There are 2 protein chains.
Amino acid sequence: MKILTKDKGREYEVFSHYLKEKDLKLTAQRELILRTFLSHRGHISAEELYQRAKEKLAHVGFATVYRTLKHMTQCGLARELDFGNGRIQYEPDFNREHHDHMICTKCDTYIEFLNPQIEELQEQVSRKHGFKITFHRMQLYGLCQKCQKSGK
Amino acid sequence: MKILTKDKGREYEVFSHYLKEKDLKLTAQRELILRTFLSHRGHISAEELYQRAKEKLAHVGFATVYRTLKHMTQCGLARELDFGNGRIQYEPDFNREHHDHMICTKCDTYIEFLNPQIEELQEQVSRKHGFKITFHRMQLYGLCQKCQKSGK
DNA sequence: GTGCATGCAAAGGCTTTGCATACCA
DNA sequence: TGGTATGCAAAGCCTTTGCATGCAC
């Protein structure tokens with residue numbers, strides 16, 4: 001069963017290309033999970049993605065969601081986020097510029113940001129120690145504007 | 001059974017003060033776990049702390065280590081580190097200046113660093129978004145000097 | 001003596017894996 | 001048709017919790 005149509009966006013090309021390259025198969029489930037993932041704005045947990053996918057196709061398994069997320073991460077369509085709450089979140093990562101996060105510890109909303117000066121300083125610091133960065137995680141936890149006000 | 005002697009360091013005072021304040025008891029296990037934790041240089045996982053404590057006192061339980069770590073974290077003697085490998089590490093945090101980490105993904109060694117400029121920029125960025133930081137996590141992953149050389 | 005602490009084992013939460021069946025290519 | 005994918009359930013891994021007993025105060 002092939003559901004993929006053309007012009008769904010580059011992500012679908014990337015995915016099918018990745019699958020072909022690895023001798024993996026394009027299944028209805030994989031396509032559905034990708035579509036569901038992409039249609040969700042912002043990050044999502046495996047559990048939530050499973051729920052949303054299941055609404056569209058009853059027989060989708062938990063394991064398949066996890067396995068597909070691994071593939072999507074592998075080919076650069078998804079990025080794992082670990083906000084230290086014991087469950088990994090995934091966010092779309094295709095053609096997206098690197099960014100970091102501020103997370104409100106009260107309402108769980110988050111703000112994405114990119115600060116080139118910080119990035120540059122990270123490089124400087126690591127060079128000073130002879131360290132070669134391959135990736136980094138930076139998360140600022142605290143209260144968003146709304147929660148600061150409502151808290152008082 | 002009281003094992004605590006004077007002059008073991010301020011950490012012991014902090015711990016016993018915290019316990020007293022919370023109507024908690026100073027037990028041989030708690031003291032042993034704290035001592036073992038402090039004697040270990042650098043961070044340590046609950047599992048490893050359990051093993052090391054057990055060497056000194058056969059009857060130490062897993063749960064007690066976890067429970068004691070919570071207390072030590074609570075009173076500022078320990079700090080939880082999550083390097084995204086599924087197990088929390090704890091590092092001594094008494095009278096220590098805040099710092100971040102570079103972690104070698106090959107040999108697992110790490111370098112602590114503090115960059116005031118980055119800290120300041122984090123504040124600036126968050127102010128710009130009306131966000132109030134309470135704490136942050138910043139980890140640079142990559143290769144340490146040694147592993148860069150050995151890798152070639 | 002009272003009430004918290006302990007150790008053991010069981011349970012929890014998230015993620016991965018094994019296996020027989022289903023399905024893509 | 002052959003080999004991968006799927007769904008289910010079970011297992012893994014780390015951490016927490018329940019409970020009867022033990023111990024600090």
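If you're wondering where the values come from, they're calculated on a predicted model, not measured in any experiment. Throughout, a chain's letter reflects where its sequence line sits, starting with A, and its residues are numbered from 1.
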Rounded distance (Å) that lies between atom P of dC23(C) and atom CG of L32(A): 16 Å
Nucleotide dC24(C), atom C1' - distance to CG of L19(A) in whole Å: 12 Å
Proximity of H101(B) and F113(B) rings by center, below 6.0 Å: no
Sequence neighbours excluded - salt bridge (Lys or Arg N to Asp or Glu O under 4.0 Å) pairs with any residue from residues 42-54 of chain B: E48(B)-R52(B)
Separation of dA5(D) P from L26(A) CG (nearest whole Å): 11 Å
In one Ile/Leu/Val/Met/Phe/Trp/Tyr side-chain cluster, 4.5 Å: I44(A), F15(A): yes
Atom-pair distance (CG on D23(A); P on dC23(C)), nearest Å: 21 Å
Euclidean distance, atom CD of residue Q89(B) to atom C1' of dT15(D) [Å, nearest integer]: 14 Å
Identified ring pair (Phe, Tyr, Trp, His ring centres under 6.0 Å) partner of H43(A) from the options Y90(A), Y110(A), F37(A): Y110(A)
Comparing L24(B) and I88(B) on DNA chain D - which has the more 5′ nearest nucleotide: I88(B)
Inter-residue atom distance L143(A).CG - S126(B).OG, 0.5 Å rounding: 11.5 Å
Short side-chain N/O contact to dA5(C) OP1/OP2 from R30(B), under 4.0 Å: yes
Nearest-angstrom distance from the residue atom CD of E47(B) to P of dG12(D): 16 Å
Interatomic distance, K25(A) NZ vs dG2(D) P [rounded to whole Å]: 12 Å
F62(A) and Y66(A) aromatic ring geometry - parallel, tilted or perpendicular at 30°/60° bounds: tilted
Whole-Å gap separating C1' (dA5(C)) and NZ (K22(B)): 16 Å
Derivation of the salt bridge (charged side-chain N to carboxylate O under 4.0 Å, His left out) call for R35(B) and E11(B): CA-CA 9 Å; R35(B) 186 149 42 88; E11(B) 287 92 341; over 6 Å; no
side-chain N/O T27(A) vs dT4(D) OP1/OP2, d < 4.0 Å: no
Close residues, residues 63-81 of chain B, relative to DNA chain D [heavy-atom separation under 4.0 Å]: A63(B), Y66(B), R67(B), K70(B)
